[in-house]
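The chains referred to below are lettered A, B, ... by the order of the sequence lines, with proteins before strands, and numbering in each begins at 1.
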Number of protein chains: 2
Amino acid sequence: MGMGRPREFNAETALDQAMEVFWRHGYEGATIAQLTEAMGINPPSLYACFGNKEGLLKAALDRYTKLRGVWMDEVVAAPTARDVAERMLMGIAEKQTDPANPPGCLLVQGGIACGSGSENVPFELAARRAQNEDQLRDRFVRAKAEGDLKPTSDPAALARYVSAVSVGMGVMASSGSDREALRQVAVVAVQAVEAQSADRT
Amino acid sequence: MGMGRPREFNAETALDQAMEVFWRHGYEGATIAQLTEAMGINPPSLYACFGNKEGLLKAALDRYTKLRGVWMDEVVAAPTARDVAERMLMGIAEKQTDPANPPGCLLVQGGIACGSGSENVPFELAARRAQNEDQLRDRFVRAKAEGDLKPTSDPAALARYVSAVSVGMGVMASSGSDREALRQVAVVAVQAVEAQSADRT
DNA sequence: CCAGATATGTAGTGTTCACTACAGATGTGG
DNA sequence: CCACATCTGTAGTGAACACTACATATCTGG
């Protein structure tokens, strides 16, 4: 039996375009018409490949978190907890205002509140953000074990904090804050992590 | 000439219900059917009173910021910049997880990204958030003048920072974080403001 | 009690939405 | 070159959306 007509579009390239539409308009604000036009395909191709609108979102999120994961690995590779926070938040100030992408973060812009029928979309995004937070927490646990963070510090709370600041910066970026404003926030935010760091000998 | 049939519903009570629907589902996720049912009125009454869906949102935002303004006045009445930040962020941890309201903050849940035709909704919310930030900034400017904050500190940056943390906490709350998790974030966040405070004599 | 004015409830309006039926096109295995 | 499988484009589908026409009800001023 034959293997059928091969697909004429590249799934990853198409996903990049879909990602941008979701990023800019949110899950509910993005229409199939906008998505198909950006992806350069027709609705039947979209549904054959991704199932439905939510399936397309998940695929776009997978791609987003995969690309972001590479960067996060560099972030947690910083030598100290303070440097991890700085590299993370300063990097976010850059990325969230990169004119090559829509402002803000897809994991926030994608949809914080949704209508009936899409209630699980916000949870889907939250689950991806939690992955980042877990990665930070693990790194801070290590920092505490290494004596980099004070014995009284709470790595999980620190990770939650850095994650919260990241999200807040994303919302600011999407509503017009420029890169310099975000950098100022990052600089202040890092000082809280510094306050939890052991004194240098 | 007569003055017409009087309205049979209370506008403020109805707005409270509409507020909750926008809060829980966002602007685009909230339907007129949900809104009218929650408000206990029919569509013609809604349109006669608020113009259209966006007009209703603005009225709900007005009411939200008015109620919130009372609390913000208490926040900035705290004696020091550090206490202002603590009162603000700890209060937010309480309010965003108050079971009497939907989780999070209407100024975030209302809509961060919107589809074509509602592009100005996110800006509308951002403008209201900016009011809070301005109030914080003014308070921190005063704190600096009073010697409460270090001469090297940047009141505008500090206000932006506290505002960003607030927003981040709101997103966390809406995606399931409990009150204790938010309190932990607040405790850490306050330390950055403390780092900008002058040493006590 | 009547005229004018505004509110209300019923029952729609046109539009846009996510999604798909179907026919033709393009590939593979035998 | 034929049977089969999968993709593609055209052209829709029913449902849900924001919004409203209209008849009726309830008020005030005279």
B:P44 side chain, from C-beta outward: closest of D:dG9, C:dC19, D:dA21: D:dA21

Do any side-chain nitrogens or oxygens of A:Y47 fall under 4.0 Å of OP1 or OP2 in C:dC19? yes

Would you call A:D98 and A:K95 a salt bridge, using N to O less than 4.0 angstrom? no

Between P of C:dT16 and CD of A:Q34, the distance in whole Å: 13 Å

With the side chain of A:P43 defined as its heavy atoms from C-beta on, choose the nearest nucleotide among D:dC19, C:dC19, D:dT8. C:dC19

Heavy-atom nearest nucleotide on DNA chain C taken for B:G4 and for B:I41; more 5' hit belongs to B:G4

Give the nucleotide from the list D:dA21, D:dA18, C:dT28 with an atom nearest to the side chain of A:M3. C:dT28

A:R5 has its side chain closest, among D:dG29, C:dT28, C:dA25, to C:dA25

Could a donor-acceptor pair under 3.5 angstrom be found where the side chain of B:R7 meets the base of C:dA7? no

Rounded to the nearest angstrom, tell me the gap between atom CG in B:L46 and atom P in C:dG9. 13 Å

Between B:N42 and B:S45, does any side-chain donor sit less than 3.5 Å from a side-chain acceptor? no

Distance in angstrom units between A:E37 CD and D:dG9 C1', rounded: 16 Å

Check A:L136, A:V76, A:V165, A:V193 against A:M88 for a side-chain contact (heavy atoms from CB on, under 4.5 Å) and give me the one that passes. A:L136

Residue whose nearest DNA chain D nucleotide is more 5′ - A:F9 or B:I32: A:F9

Could you please name the option among D:dT26, D:dA18, C:dC19 that lies closest to any side-chain atom of B:T31? D:dA18

Tell me: CG of B:N42 to C1' of D:dT24, nearest whole Å? 14 Å

When rounded to whole Å, the CD to P distance for the pair B:E8 and D:dC27 reads 8 Å

Does the side chain of B:Q191 come under 3.5 Å of the side chain of A:Q196 through a donor N or O and an acceptor N or O? yes

Distance check needed: D:dC17 P versus B:H25 NE2, whole Å only. 11 Å

Answer yes or no: does a side-chain N or O of B:S45 lie under 4.0 Å from OP1 or OP2 of C:dA7? no

Taking only Lys NZ, Arg NE, NH1 and NH2, and the carboxylate oxygens of Asp or Glu, determine whether A:E124 and A:R128 approach each other closer than 4.0 Å. yes

Rounded off to whole Å, could you give me the NZ-to-P distance for the B:K53 and D:dC19 pair? 8 Å

Whole-Å distance between C:dC19 P and A:L35 CG? 11 Å

